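See structure below.
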Amino acid sequence: MALKFYDTPFHVTHNADTASKMAMKMDLSIMISNLIKEHGWTQVEAAERLGIKQSRISDLKNAKIEKLKNSP
């Protein structure tokens, strides 16, 4: 049996569309976390600069991607 490779781990358990959205959300989470770390921002400072609530920054930093809503 040949090995099957997937684009992301999400593609193992989800359809391609859902898995791609989940991977994009994970990338966003990592990108935001890196940006905060590079600039030495607190979550409050990051939220103010990005125009979002501090709780959303916390969700992103903690990779709670299920809380990020899909837009139509």
Side-chain angles (χ1 to χ4, degrees):
M1 181 171 154
L3 290 176
K4 184 169 183 181
F5 292 93
Y6 296 93
D7 293 334
T8 69
F10 301 118
H11 285 86
V12 175
T13 56
H14 297 83
N15 67 47
D17 187 50
T18 300
S20 293
K21 288 177 183 177
M22 292 173 75
M24 183 178 63
K25 290 175 183 181
M26 253 345 265
D27 287 345
L28 176 62
S29 175
I30 292 166
M31 206 167 61
I32 295 288
S33 294
N34 288 341
L35 185 66
I36 291 169
K37 188 175 184 178
E38 286 172 16
H39 291 281
W41 294 337
T42 64
Q43 288 186 12
V44 171
E45 290 171 324
E48 288 171 358
R49 290 177 183 270
L50 295 172
I52 59 177
K53 293 181 180 182
Q54 180 276 327
S55 60
R56 180 65 64 214
I57 295 292
S58 179
D59 292 341
L60 288 169
K61 284 194 68 176
N62 292 304
K64 293 182 179 177
I65 62 170
E66 71 279 358
K67 291 191 173 193
L68 298 174
K69 301 289 183 204
N70 293 333
S71 57

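For clarity, every value in this text was computed on a predicted model and none was experimentally measured.
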[X]: partners by side chain to side chain contact (heavy atoms under 4.5 Å, CB included), with sequence neighbours left out:
X: Asp27; value: none
X: Met31; value: Leu28
X: Leu35; value: His39, Trp41

From the list Ile57, Leu60, Thr42, side-chain contact (heavy atoms from CB on, under 4.5 Å) partner of Ile36 resolves to Ile57
Going by side-chain hydrogen bond (donor to acceptor under 3.5 Å, both in side chains), name the residues that satisfy it together with Asn15, two or more places apart in sequence or in a different chain. Thr18
Gap separating the [atom1] atom of [X] from the [atom2] atom of [Y], nearest 0.5 angstrom:
X: Ser29; Y: Asn62; atom1: OG; atom2: CG; answer: 8.0 Å
X: Lys25; Y: Ser20; atom1: NZ; atom2: OG; answer: 12.0 Å
X: Met22; Y: Thr13; atom1: CE; atom2: OG1; answer: 6.5 Å

Donor-acceptor contacts under 3.5 Å from residues 47-55 side chains, at least two apart:
from  : atom 1 : to    : atom 2 : distance (Å)
Gln54 : NE2    : Gln43 : OE1    : 2.3

